[in-house]
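Numbering starts at 1 and runs along the sequence shown.
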Amino acid sequence: MLPAVARGHLGWFHPCARLSVRMSSTGIDRKGILAERVAMVTGSTSGIGFAIARRLAQDGAHVVISSRKQQNVDRAVAQLQREGLSMAGTVCHVGKAEDRERLVATALEHCGAVDFLVCCAGVNPLVGSVLGTSEQIWDKILNVNVKSPALLLSQLLPYMEKRKGAVTLVSSIAAYFPAAELGVYNVSKTALLALTRTLALELAPKDIRVNCLVPGIIKTDFSKVLRGNESVCKYLREHHQMQRFGEPEDCAGIVSFLCSPDASYITGENIAVAGFSSRL
């Protein structure tokens, strides 16, 4: 059975066995630092993930996006294709093994390989304390935020290791400056810092680099609980040199750089994009 891709878009994404960067939607050649490469971005139909997917495609990559809802995938793929970008998409709840398998199959069906994995998908179903969190919520947060990037990468590894690829995990400034309201989410995002450095050691002999983006408070739906918190806003006014919340696009360029040949000697780094000098 063919992988489930965004409805109506199967023919838009050129098979990467040819790895042409000619866009079928415009008929023009794109040249960029990531031309002829293939990127998979999870949690990428809105917010930071969407901005990253767009930037990678603008820089020449073929991109496979995903999220949990079909209508979100359809909307994001259509929007980016209207911009002349090489894009495909499929539904994927990264916490489910069958969905991860479908995501990998979709990329291989279209491209035959994957160069870059960017793990943006994350959850925080509970605003509350660590000690007040049920075992079920603990399992859900750690499964999606920590386990799924490692499990997805293990499935992709046979296809990435021949191509000297790169992995970017997406943590949060909450890993360094935990907010009491975010409880287990803080813990999961801190774990990603260690996962990054551990994977970087493990994969260095295979010429696969692993780095971590650590966003500050970025204007997305996910961060509404923080942006609406007066104590957070007060801290921002008093301590942030930039005196503003970040935009999703503020995170996109660094990920494109980390995927590019310009970052070929950078691995195991946790890079904050937070609008202030934190001396982490």
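- Taken together through direct or relayed side-chain contacts under 4.5 Å among Ile, Leu, Val, Met, Phe, Trp and Tyr, Leu151 and Leu108 form parts of separate hydrophobic clusters.
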Exercise for review: List the steps and the verdict of side chain to side chain contact (heavy atoms under 4.5 Å, CB included) for Leu103 and Leu152.
Suggested key: CA-CA 9 Å; Leu103 178 57; Leu152 180 56; 4.2 Å; yes
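- Under a cut-off of 6.0 angstrom, the local environment of CD in Glu98 is crowded, with over 12 non-hydrogen atoms contributed by other residues, nucleotides or ligands.
- Checking each of Val170, Ile173, Ile271 against Val214 for a side chain to side chain contact (heavy atoms under 4.5 Å, CB included) leaves exactly one that passes, namely Ile173.
- The two residues Cys251 and Ile52 come nearest to each other via the heavy atoms O-CG1, 4.3 Å.
- At least one donor-acceptor pair closer than 3.5 Å links the side chain of Asn145 to the backbone N or O of Val123.
- Looking at heavy atoms from C-beta onward, Leu80 lies in side-chain contact with Glu83 at the 4.5 angstrom threshold.
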Practice item. Please lay out, stage by stage, how Ser171 and Asn270 fare under the test side chain to side chain contact (heavy atoms under 4.5 Å, CB included). Key: CA-CA 9 Å; Ser171 179; Asn270 298 309; over 6 Å; no
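- Side-chain atoms of Arg102 come within 3.5 Å of backbone N or O of Val91 as a donor-acceptor pair.
- You'll find the side chain of Phe116 stays beyond 4.5 Å of the side chain of Leu258, heavy atoms only.
- Side-chain N or O atoms of Asn186 include none that pairs as donor or acceptor with a backbone N or O of Ala175 at under 3.5 Å.
- Note that CE of Met87 is 8.5 Å distant from OG of Ser44, once rounded to the nearest 0.5 Å.
- Residues Phe245 and Ile217 approach most closely at CD2-CG2, 3.3 Å, considering heavy atoms.
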Review point. After noting the C-alpha distance and the side-chain angles of Ile33 and Asp262, does the key distance pass the side chain to side chain contact (heavy atoms under 4.5 Å, CB included) rule?
Key: CA-CA 9 Å; Ile33 197 167; Asp262 289 338; 3.5 Å; yes
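- Looking only at distances, no side-chain donor or acceptor of Arg54 sits under 3.5 Å from a matching main-chain atom of Ala252.
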Review point. Side chain to side chain contact (heavy atoms under 4.5 Å, CB included) between Val118 and Leu56: does it pass, once the steps are laid out?
Key: CA-CA 10 Å; Val118 183; Leu56 295 178; 4.2 Å; yes
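- Linking ILVMFWY side-chain heavy atoms closer than 4.5 Å, directly or via other members, places Leu153 and Leu201 in two distinct hydrophobic clusters.
- Within 6.0 Å of CD on Glu202 lie no more than 12 heavy atoms contributed by other residues, nucleotides or ligands.
- For the atom pair CE of Met160 and CG of Leu203, the computed distance is 8.0 Å after rounding to the nearest 0.5 Å.
- Looking at Val64 and His110, their side chains never come closer than 4.5 Å, going by heavy atoms from C-beta outward.
- In this structure, the side chain of Ser264 does not engage the main chain of Ser260 through any donor-acceptor pair within 3.5 Å.
- Shown here for Glu249 and Ala51, the closest heavy-atom pair between the two residues is N-CB, 4.0 Å.
- At distances below 3.5 Å, at least one donor-acceptor pair connects side-chain atoms of Asp250 with backbone N or O atoms of Glu247.
- Minimum heavy-atom separation, Arg100 to Ser148: CD-O, 4.2 Å.
- Distance check: Lys189 NZ to Leu169 CG gives 9.0 Å after rounding to the nearest 0.5 Å.
- Within a 6.0 Å radius of OH in Tyr159, other residues, nucleotides and ligands contribute 12 heavy atoms or fewer.
- For the side chain to side chain contact (heavy atoms under 4.5 Å, CB included) with Val41, the qualifying choice from Val255, Thr168, Val63 is Val63, the only one to do so.
- Taking the side chain as every heavy atom from C-beta outward, Pro215 and Val273 never approach each other to under 4.5 Å.
- For the pair Thr42 and Ser66, the tightest heavy-atom approach, listed with the atom from each and the gap, is CA-OG, 3.5 Å.
- Donor-acceptor pairing under 3.5 Å is lacking for the side chains of Asn72 and Thr45.
- To the nearest 0.5 angstrom, Gln70 atom CD is 7.0 Å from Thr90 atom OG1.
- Residue Cys259 holds its SG atom at 9.0 Å from CG of Leu117, rounded to the nearest 0.5 Å.
- Judged by distance alone, with hydrogens and angles left aside, the side-chain atoms of Asp99 form no donor-acceptor pair with the main-chain N or O of Val94 at under 3.5 Å.
- A donor-acceptor contact under 3.5 angstrom links the side chains of Asp59 and Ser256, judged on distance only.
- Shortest non-hydrogen contact noted between Cys212 and Thr196 is CB-OG1, 3.2 Å.
- A distance of 9.5 Å separates CZ in Arg209 from CG in Asp207, rounded to the nearest 0.5 Å.
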